[in-house]
Amino acid sequence: MKKKLKKKRMHNIKDIRSDIDKFIESISKRNIKLDKNEITELDIKNRTLIQEKEKLEKEKKDISKTKDKTLFEKSKKISLEIDSISKKQSEVKIELENILSSIPNIPLEDVPNGKDESSNIEIEKKGNIKKFNFQPKSHHEIGEKLNMMDFDLATKTTGSRFVFIKDKIALLERALSNFMLDKHILENGYTEISPPLLASENTMYGTGQLPKFESDQFEVKLDDKNDRKFLIPTAEVILTNIVKDKIINKKDLPMRLVAATPCFRKEAGSYGKDTKGMIRQHQFYKVELVSIVEPNHCSDELERMTNCATGILDSLKIPYRKVILCSGDMGFSAEKTYDIEVWLPSENKYREISSCSSCGTFQSRRMKARYKNDKNETNHVGTLNGSGLAVGRTLIAILENYQEADGSITVPEVLRPYMNNLKKITNN
RNA sequence: GGAGAGAUGGCUGAGCGGUUGAAAGCACCGGUCUUGAAAACCGGCAAAGGGGCAACUCUUUCCUGGGUUCGAAUCCCAGUCUCUCCGCCA
């Protein structure tokens, strides 16, 4: 298992070699300093050893072709030499790859520079923020008052950061999933997938969750310790890996996939943050969009995908804004990311509800996902993923934005067909 | 859980110790033909890595990892996965 992992890499050493200064500079935008000499030396050492090894291999091969018995002894000796060089070479290679695999994706040119979220830039604001003539309540107050949301019960059965959703709000949650799925399938050209919720170690590696972010993942205990499986933190993991180890026919691109799944996250390091309510849970539903495209279409596809996500909020008539993440705030695999944030009246601010990223060929290189282009050449595909949307947080946004003074919830019109035409969620 | 069979290029599928990196077909790319298309015909077409400005060339790879051999897709061992039959079960 482990051995399979070490073969993979994120960055192509050839590209780095061709302009290492530029590469190091690009990565520095992510607040990461690379040691140029270390990388260069390992690369040269590696290639020197490869050359030595190949020379001997050729010699050995030639002997074998002659079938000359007098040379057989020599061939045996060469084999031993090859073994020793090849051992050295693979050590160097692993060392080099360990360095390369810790390097995140390079931000695209149009990504703003910055250290953290304070440098993110708002690029669009949409929807009307409703003025309440009463103090708007938080979603968990509303839900608990209606007796349709129970955090204490979840603590009893499971632990903290879980919730029981009941009755009409459970229906609302289900309606949201179905509404989003239908829209993406029928209007946006996505194909529905109902995937496994467990992913192998290798799969987790492909999209970048492992090895660096293992502590965020829930691992499932299995009898066989070599067989490690994880609950998916997002359907992105399992959907994107559909093309792992494949060479895709160009005519099958773009592939657009959508899935509504539970997601599981440990959220290590976020204790004390958003402890109340459903904002940050260990388990939540999310409708996930994944696109597999020709790499030169990544930027266009990112715009398209983001529009698919905001389209849901447009239909639900919930105010939101679109933000482009700065270089320091982007996820590990992303080259460019838009966050969509919804307005939450109780907090009087926008909160993230979707994140749409282009990963360029970063993930496909780790997954070995390729396609044949117009010239019949084999190239890595581009991968994108985005939430369309996080169902739990959309639920929150609806409760808060559609709340009434009497504690009831008006059901957004587009959801009513999914809720037996229910217009209002009330206590009785 | 028991008993068998298998894993080969984008796909299907031959090969079972020595120019086999791998037949054949499909798909794909280029061309001839055609008003255009189809059909037919001709040609091309694996990947990764190394060297070279380049033409080109070398190495590795037939599930993975070990072993036997001068030489392995082919033989041996271990593992993974898939299929069929039986049992069990949502």
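A note on names: the letters A, B, ... follow the listed sequences, proteins ahead of strands, and every chain is numbered from 1. Note that the structure is a prediction, hence the values are computed from the model and not measured.
- One P atom belongs to B:rU68, the other to B:rC53, and the distance between them is 40 Å to the nearest Å.
- When the P atom is compared between B:rC33 and B:rG49, the two are found 41 Å apart, to the nearest whole Å.
- One can place CG of A:Asn376 at 14 Å from C1' of B:rG43, the figure rounded to the nearest angstrom.
- Using a 4.0 Å heavy-atom criterion, one finds that A:Lys69 contacts no nucleic acid atom at all.
- Rounded to whole Å, atom P of B:rA46 lies 16 Å from atom CG of A:Asn379.
- Between A:Lys372 and A:Glu73, the residue anchored closer to the 5' end of RNA chain B is A:Lys372, taking for each the nucleotide with the nearest heavy atom.
- Separating the CG atom of A:Asn46 from the C1' atom of B:rG49 is a distance of 9 Å, rounded to the nearest angstrom.
- A:Lys61 comes within 4.0 angstrom of the backbone, heavy atoms only, and of no base.
- Following rounding to the nearest Å, A:Lys368 (NZ) and B:rG10 (P) show an atom-to-atom distance of 12 Å.
- Between the C1' atoms of B:rC16 and B:rU84, the separation comes to 23 Å (whole Å).
- Per the geometry, CZ belonging to A:Arg228 stands 17 Å off P belonging to B:rU80, to the nearest Å.
- Checking each of A:Glu301, A:Arg304, A:His297 against A:Ser291 for a side chain to side chain donor-acceptor pair (under 3.5 Å) leaves exactly one that passes, namely A:Glu301.
- Within 4.0 Å (heavy atoms only), A:Ser64 reaches at least one base atom of the nucleic acid.
- B:rG21 and B:rU60: their P atoms are spaced 10 Å apart (whole Å).
- Here the side chain of A:Lys58 is nearest to one of B:rA27, B:rC58, B:rG50, namely B:rC58.
- Side-chain N/O atoms of A:Arg47 include none lying less than 4.0 angstrom from OP1 or OP2 on B:rG49.
- The partner of B:rG43 is B:rC29, judged by Watson-Crick or G-U wobble contacts that both fall below 3.5 Å.
- Taking atom CD of residue A:Gln51 and atom C1' of nucleotide B:rU57, one finds them 13 Å apart after rounding to whole Å.
- When both distances must be under 3.5 Å, the Watson-Crick or G-U wobble mate of B:rC88 does not exist.
- Nearest to the side chain of A:Ser75, among B:rA47, B:rC70, B:rG50, sits B:rC70.
- Looking at heavy-atom distances under 4.0 Å, A:Thr66 makes no contact with the nucleic acid at all.
- No contact: A:Ile63 has no heavy atom under 4.0 Å from any strand.
- Here the rule is side chain to side chain contact (heavy atoms under 4.5 Å, CB included) with A:Met180, and of A:Ile185, A:Val258, A:Leu289, A:Val391 only A:Val391 fits it.
- For the residue pair A:Asn202 and A:Ser200, no side-chain donor N or O sits within less than 3.5 Å of a side-chain acceptor on the partner.
- Nucleotides B:rU8 and B:rA23, compared at atom P, are 15 Å apart to the nearest Å.
- Considering only side-chain atoms of A:Arg370, the nucleotide from B:rA47, B:rA27, B:rU59 that sits closest is B:rA47.
- Rounded to a whole angstrom, the distance from the C1' atom of B:rU82 to that of B:rC63 is 11 Å.
- Put simply, CD1 on A:Ile292 and CE on A:Met367 are 6.0 Å apart, with the number rounded to the nearest 0.5 Å.
- Within the 4.0 angstrom heavy-atom criterion, only backbone atoms of the sugar-phosphate kind lie near A:Lys76; the bases stay farther away.
- Of the residues near RNA chain B, A:Asp374 and A:Lys55, the one whose nearest nucleotide (by heavy atom distance) lies more toward the 5' end is A:Asp374.
- In this structure, A:Lys53 reaches neither bases nor backbone, as no heavy-atom distance under 4.0 Å exists between it and the strands shown.
- The CD1-P distance, from A:Ile247 to B:rA27, rounds to 19 Å in whole Å.
- B:rC11 and B:rU80 have their C1' atoms separated by 23 Å, with the value rounded to a whole Å.
- For B:rC62, there is no paired base (Watson-Crick or G-U wobble, both distances below 3.5 Å).
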Q. Given the rule in the salt bridge (charged side-chain N to carboxylate O under 4.0 Å, His left out) test, do A:Lys77 and A:Glu59 qualify, once you have shown the distances and angles that lead to the verdict?
A. CA-CA 11 Å; A:Lys77 273 184 192 162; A:Glu59 209 176 320; over 6 Å; no
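- The base of B:rG51 lies outside donor-acceptor range of the side chain of A:Glu54, with no N or O pair under 3.5 Å.
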(Q) Does A:Asp62 form a salt bridge (charged side-chain N to carboxylate O under 4.0 Å, His left out) with A:Lys58? I'd like the steps, not just the answer. (A) CA-CA 6 Å; A:Asp62 287 341; A:Lys58 168 101 169 94; 3.4 Å; yes
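- Look at A:Lys65 and you won't find any side-chain N or O under 4.0 angstrom from OP1 or OP2 of B:rC70.
- The CG atom of A:Leu42 sits 14 Å away from the P atom of B:rG50 (whole-angstrom rounding).
- Going from the P atom of B:rC45 to that of B:rG25 covers 15 Å, rounded to whole Å.
- Both tests pass for A:Arg366 against the ring of A:Tyr205: distance under 6.0 Å to the centre and angle within 45° of the axis.
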